[in-house]
Each structure stands twice: as C-alpha cells, then as structure tokens.
Amino acid sequence: MQRHMTEIDTFLIGDVHGRADLLQALLHELKQIAPCPYQVIFLGDLIDRGPDSKAVSAIFDAH
C-alpha cells in the first residue's frame with residue numbers, strides 16, 4: 001500500500017480571549033496570504049474574558 005503525503009501549512013492561533021474582531025481580521029489575512037490547503041489550530045483561551053465570546057465561539061465552530 002502506497003501513501004501519498006500532502007504538505008499543508010499549519011497556523012497556530014492562541015489566546016483569543018473573546019476578541020472576535022481581531023480573530024476575524026487574522027483569519028481574513030490568512031486567506032489572503034496562505035496557500036491552499038492550510039489548517040488552523042487554536043490554542044489557549046478562546047472565550048474566557050473578552051468582549052465578544054459568543055462571536056468567537058461561532059467563528060471557531062465555522063473553522
């Protein structure tokens with residue numbers, strides 16, 4: 001059995017802290033500069049104390 005490995009870029013995003021505005025801007029920037037396909041891995045706190053935790057959760061669910 002032969003396996004074909006596909007290289008993809010991986011981007012790590014950490015400690016969003018409920019900042020949906022900054023997360024959305026960062027993801028938009030990634031779409032502009034990153035080759036397809038790519039993956040995003042979220043690390044750290046997404047929603048623990050920021051101004052828009054609900055929107056961060058929705059963005060996370062969409063990715």
Side-chain angles (χ1 to χ4, degrees):
M1 184 167 137
Q2 190 176 33
R3 295 179 72 184
H4 297 279
M5 300 297 286
T6 303
E7 288 188 29
I8 61 172
D9 288 340
T10 300
F11 297 92
L12 306 176
I13 299 175
D15 293 325
V16 177
H17 292 294
R19 290 297 308 266
D21 56 338
L22 297 178
L23 178 58
Q24 195 67 34
L26 179 58
L27 292 173
H28 176 75
E29 186 71 23
L30 284 178
K31 287 181 185 178
Q32 303 301 313
I33 65 169
C36 287
Y38 66 90
Q39 69 179 351
V40 175
I41 298 175
F42 292 93
L43 305 168
D45 300 317
L46 290 174
I47 59 171
D48 75 334
R49 62 173 172 248
D52 202 356
S53 293
K54 187 175 181 179
V56 168
S57 181
I59 293 167
F60 176 77
D61 287 344
H63 284 82

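Between D52 and D21 there is no side-chain heavy-atom pair separated by less than 4.5 Å.
Hydrophobic cluster membership for I8: none, as no Ile, Leu, Val, Met, Phe, Trp or Tyr side chain comes under 4.5 Å of it. Cluster note: Y38 groups with F11, I13, V16, L23, L26, L27, L30, V40, F42, L46, I47, V56, I59, F60 through ILVMFWY side-chain heavy atoms spaced under 4.5 Å, whether in direct contact or through intervening members.
Contacts classified as ring pair (Phe, Tyr, Trp, His ring centres under 6.0 Å) and involving residues 13-37 (residues at least two apart or in different chains) are not found.
For the residue pair A55 and A20, the shortest heavy atom distance occurs at CB-CB, 3.6 Å.
Between the side chain of D45 and the main chain of D15, no donor-acceptor pair closer than 3.5 Å is present.
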